[in-house]
2 protein chains.
Amino acid sequence: MGFREHLQEVCRKVEGAVACSLMGMDGIEVDTHLNDGGDLDFRTLLVEYSGILRSAREAAEANQAGGVAEISISTDKLLAVARVVSPEYFMVVALTPDGNFGKARYYLRVTAPKLLAEL
Amino acid sequence: MGFREHLQEVCRKVEGAVACSLMGMDGIEVDTHLNDGGDLDFRTLLVEYSGILRSAREAAEANQAGGVAEISISTDKLLAVARVVSPEYFMVVALTPDGNFGKARYYLRVTAPKLLAEL
């Protein structure tokens, strides 16, 4: 299975998922599976969220809280859950606000090592 | 019930909770109930996380994703879940990594309006 198939599988298994991406920490997208982006500029938002993930990592390191494993941001229109795959990459799944958050976290956790194995 | 009692109640009801705070968006603490801070400089981390919450809010607004309601950051040593109480305030609960994340989200959701009513 390639990157795309893993991302697609997460989208398929998580209720309410609209997109799943593998991203560089610099905000550059490696690959994305998009279910239905709606009217939201999902890609621009992801670039901004990668900056937030970097900030969270720096804050955690500076305060000896250990490495950041996961970050989630919930807005009125979108719930995004990001998980660190390696120091250079992270994956993120975007859900509708009523999407299955627990399942998103679970599938990110099990899929991240599979993506890492292919990097 | 004052601020402190509400924060204390969240700490008491959520398994693995170490602290619960009401914070200003500027990173200034209004009140905190601390169960057992461990060796972590929890307060400094909270100030940093309030900056992250601000960034997430700006990113979401700039991309028409709506207002940020909740953000969670999971590190090796700590899981922090923050919820916006008003445009000026948020509350955050910090858990051990094996703490009950779902319950933390639930109690933040039900407690935020109670805190808002007292602001």
Side-chain angles (χ1 to χ4, degrees), chain A residues 18-19 27 37-84 87 90 92 94-106 108-109 112, chain B residues 18-19 27 37-84 87 90 92 94-106 108-109 112:
Chain A
V18 293
D39 60 349
L40 201 72
D41 193 344
F42 176 68
R43 288 193 160 93
T44 321
L45 197 63
L46 278 190
V47 176
E48 307 248 23
Y49 282 0
S50 66
I52 290 167
L53 196 63
R54 272 201 309 277
S55 307
R57 200 163 60 157
E58 283 158 19
E61 279 169 6
N63 293 280
Q64 286 86 47
V68 168
E70 192 188 274
I71 184 162
S72 70
I73 300 173
S74 158
T75 69
D76 303 338
K77 297 187 189 166
L78 194 78
L79 172 60
V81 193
R83 190 170 184 90
V84 170
F90 69 98
V92 57
L95 314 171
T96 54
D98 59 350
N100 194 326
F101 183 44
K103 218 180 245 188
R105 294 182 74 215
Y106 171 76
L108 284 182
R109 198 164 56 230
Chain B
V18 293
D39 60 348
L40 201 72
D41 193 344
F42 176 69
R43 289 194 159 92
T44 321
L45 198 64
L46 277 191
V47 176
E48 308 249 20
Y49 281 1
S50 66
I52 291 167
L53 195 64
R54 271 200 309 277
S55 307
R57 201 165 59 158
E58 283 158 19
E61 280 169 7
N63 292 280
Q64 287 83 48
V68 168
E70 192 189 275
I71 184 163
S72 71
I73 300 172
S74 156
T75 68
D76 303 338
K77 296 186 191 167
L78 194 78
L79 172 60
V81 192
R83 187 167 187 93
V84 171
F90 69 99
V92 56
L95 315 170
T96 53
D98 59 351
N100 194 326
F101 184 43
K103 217 180 245 189
R105 292 183 73 216
Y106 170 75
L108 284 183
R109 199 164 57 230

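The chains referred to below are lettered A, B, ... by the order of the sequence lines, with proteins before strands, and numbering in each begins at 1.
Contacts between R83(A) and chain B at a heavy-atom distance below 4.5 Å are absent for every atom of the residue. Within the 4.5 angstrom heavy-atom criterion, only side-chain atoms of R105(B), from C-beta onward, approach chain A.
Going from atom CG of L78(B) over to atom CG of L95(B) covers 7.5 Å, rounded to the nearest 0.5 Å. Distance CD1/I71(B) to CD1/I71(A): 4.5 Å, rounded to 0.5 Å.
Ranked by non-hydrogen atom pairs under 4.5 Å with chain A, the options P97(B), A69(B), G51(B), A82(B) are led by A69(B).
In this structure, the side-chain hydrogen bond (donor to acceptor under 3.5 Å, both in side chains) partners of E48(B), at least two apart in sequence or on a different chain, are N63(A).
If you look at Y49(B) and F90(B), their ring centroids are not closer than 6.0 Å.
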